[in-house]
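Below is one structure; the comments refer to it alone.
If you're wondering where the values come from, they're calculated on a predicted model, not measured in any experiment.
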Amino acid sequence: MTPNLPDRVAAALGRAWVDDEAWAVVTELSRLDSRLGGSAGERAAASVVARAFERSGVHDVSLDSFPTQTWTRGESRLERLDSGRAFDCLALPYSPTGDVEADLVDVGHGTPREIRAAGVSGRVAVASTTTPEGGRFIHRMEKYGCAVDEGAVGFVFANRVPGQLPPTGSLRFDREAEIPAVGVSQETGAWLTDPVEAASARVRLAVEATTEAGESQNVVGTLGPASEDELLLLAHYDAHDVGEGALDNACGVAVVVAACRILAEMDLSRRVRVAAVGCEETGLVGSEHLASTLDPAAVVNVDGAGRFRDLVAMTHTSDATRAVAEAVSDRSGHPIRVKPRPHPFSDQWPFVRRGVPALQLHSDSGERGRGWGHTAADTRDKVDPRVLRDHAMLTALLVHELAGRDPPRLDVDTLQRRFRTADFEPGMRAAGLWPDEWD
């Protein structure tokens, strides 16, 4: 265990080992019908988090509003025209209203090469949620963007996880997309991509949805002393509207709340700004708003922690945050697996691209893909309170360690090269995420 801890810090860690606050936060958030960005449920969730911050010793807690494009789902339909058979489906957020009839085409994993080779122009593309073994991660937004660029008139996202679980997930960041798109279950995907069945498949894909100007909010507060610079600790509290959002990301918020109860008893070397951000799932809108007003010394983004046993620290090319993760892991005797490669699909991104060093705290089941995430199966029964407690204690130790250091800024030119070396540029351009200033 970490040596030479003051008695009050040791006592706070001891209390955290049996504390039920994190579980209470997961429970309160999971009870809400929907926490999709800009919705009434998301506003209710902000109030839940604000109260939890105050109970945990966070000071000056307030709500900071920002504009967003609010998407609301209506009815969706996917039907084989030759047989008249209809399949269960879910519209993907920011899908426009649309009604198309077209031939179906299987694009496999939905890599750019597969989409180009399939000839999707004028057709409805079916892509798996998986990515090829041994290759880089291909995000849903990249698959969709490539299909749009190649002239597809519709998009179907087929889950890899069995259990009649259509997946969801945004198509664009905070704006309406171009062509109608739905998620379907693994079982439906098997029908749609069967070589014999798909040979003559023609489908009708219809989506009703609205995208309109709305408002969301971040929950913000502070811990520690007043200082010229500060560390940012954040997690997103919004979730997709098809499940309870317990794993993604009520767990992350709960870990932050429980970590704050420990940090409130620690002597921090600089102020820690604490934030729960809205609209992550619909475009990192809350963190973009935060980044427009804050320039922290470093950011700790808790997105994915609390789900599975061992903590993962994504260091986004920063040697300094990697050293922090390794030091805390060594001293605490708890494994923290380090992943240095950057990615743009969570709330550290608006800060990282400005050169702010980051830790994204995640956890990994060992399986590829999201598992239960972004489906109706993302429910509270999947959460283990013991994991929440462990990750809260590690998060507090990581934040305390990072607050006591002066991590250098990321070199943005080097960061840009790392994204290009990892072959992220084509996909980020297809998804509309490649920064204009990098051209």
Side-chain angles (χ1 to χ4, degrees), residues 78 87 89-90 92-93 95 102-172 177-199 201 203 205 248 339 341-346 364-375 419-434:
L78 178 64
F87 296 95
C89 62
L90 282 173
L92 302 183
S95 172
D103 292 339
L104 200 66
V105 57
D106 178 13
V107 298
H109 294 101
T111 64
R113 179 179 295 179
E114 288 173 304
I115 290 172
R116 286 193 296 270
V120 301
S121 181
R123 303 163 84 182
V124 173
V126 184
S128 170
T129 60
T130 58
T131 55
E133 290 283 352
R136 69 171 177 85
F137 173 67
I138 311 291
H139 194 273
R140 168 191 63 256
M141 292 175 63
E142 178 180 351
K143 300 178 185 190
Y144 177 81
C146 287
V148 169
D149 290 345
E150 293 296 320
V153 296
F155 182 80
V156 178
F157 199 41
N159 204 352
R160 63 168 293 277
V161 178
Q164 295 290 354
L165 295 171
T168 189
S170 291
L171 300 167
R172 296 299 191 193
E178 294 85 352
I179 61 174
V182 297
V184 299
S185 68
Q186 183 201 62
E187 293 79 6
T188 293
W191 276 107
L192 297 179
T193 59
D194 178 272
V196 175
E197 291 290 322
V203 297
L205 173 61
D248 187 10
K339 291 184 176 181
R341 178 177 286 189
H343 73 81
F345 297 111
S346 190
D364 193 346
S365 68
E367 297 181 356
R368 291 173 67 82
R370 294 183 183 275
W372 304 121
H374 288 200
T375 75
F419 272 98
R420 285 194 161 115
T421 300
D423 197 31
F424 265 106
E425 183 179 1
M428 289 173 67
R429 287 190 182 277
L433 300 180
W434 188 258

task = Please answer whether the main-chain N or O of Thr111 pairs with a side-chain N or O of Glu114 as donor and acceptor at a distance below 3.5 Å.
result = yes
ask   = Are the side chain of Glu187 and the backbone of Gly163 linked by a donor-acceptor contact shorter than 3.5 Å?
value = yes
query = Under 3.5 Å, side chain of Asn159 to main-chain N/O of Gln186, donor-acceptor pair present?
reply = no
task = Under the side chain to side chain contact (heavy atoms under 4.5 Å, CB included) rule, what do Phe419 and Glu425 come out as? Steps first, then yes or no, please.
result = CA-CA 6 Å; Phe419 272 98; Glu425 183 179 1; over 6 Å; no
key: Pairing of Arg136 and Asp423 as salt bridge, 4.0 angstrom limit   = yes
note = Leu92 and Gly169 have their tightest heavy-atom pair at CB-O, 3.4 Å
query = Any side-chain heavy atom of Val182 sitting closer than 4.5 Å to one from Leu205?
reply = yes
request  = Would you mind checking if Arg172 and Glu178 are paired as a salt bridge, meaning a charged N to carboxylate O distance below 4.0 Å?
outcome  = yes
inquiry  = Taking the side chain as everything from C-beta on, heavy atoms only, tell me whether Thr129 gets closer than 4.5 Å to Phe157.
reply    = yes
ask   = Has the side chain of Tyr144 got a donor or acceptor atom that lies under 3.5 Å from a matching backbone atom of Ile179?
value = yes
message = Please determine whether the number of non-hydrogen atoms from other residues, nucleotides or ligands lying under 6.0 Å from atom CZ of Arg420 exceeds 12.
response = yes
request  = Kindly compute the distance separating NE2 (His139) from OG (Ser170), expressed to the nearest 0.5 Å.
outcome  = 8.5 Å
Contact summary for Gly122 and Ala102, nearest pair of heavy atoms = O-CB, 3.5 Å
Arg140 to Thr168 - nearest heavy-atom pair and separation = NH1-O, 4.1 Å
key: Straight-line distance of Phe424 CZ to Phe345 CZ, nearest 0.5 Å   = 6.5 Å
message = Using the rule side-chain contact (heavy atoms from CB on, under 4.5 Å), only one of Val105, Asp149, Asp103 pairs with Val120; which is it?
response = Val105
ask   = Between Thr188 and Phe87, is there a donor-acceptor pair closer than 3.5 Å when you use the side chain of the first and the backbone of the second?
value = no
key: Which atom of Gly110 lies closest to which atom of Ile115, heavy atoms considered   = O-CD1, 3.5 Å
ask   = Can any side-chain N or O of Glu142 pair as donor or acceptor with the backbone N or O of Ile138 at less than 3.5 Å?
value = no
request  = Kindly indicate whether the side chain of Ser95, heavy atoms from C-beta on, has any atom under 4.5 Å from the side chain of Leu171.
outcome  = yes
ask   = Between the side chain of Thr193 and the main-chain N/O of Gly189, is any donor-acceptor distance below 3.5 Å?
value = yes
request  = Verify the neighbour count for atom CZ of Arg429: are there more than 12 heavy atoms of other residues, nucleotides or ligands below 6.0 Å?
outcome  = yes
request  = For residues Cys89 and Pro166, determine if any side-chain heavy atom of one lies less than 4.5 Å from a side-chain heavy atom of the other.
outcome  = no
inquiry  = Between Val126 and Val107, is there a side-chain heavy-atom distance shorter than 4.5 Å?
reply    = no
message = Within the structure provided, determine whether Met428 and Pro344 are in side-chain contact (heavy-atom separation under 4.5 Å).
response = yes
query = Quick one: are Leu104 and Leu192 in side-chain contact, heavy atoms under 4.5 Å?
reply = yes
key: Main-chain N/O of His109 paired to Lys143 side chain as donor or acceptor, under 3.5 Å   = yes
message = Donor-acceptor pair, distance only, cut-off 3.5 Å: does the side chain of Arg123 make one with the backbone of Val153?
response = no
query = Do the side chains of Val161 and Thr375 get nearer than 4.5 Å, heavy atoms only?
reply = no
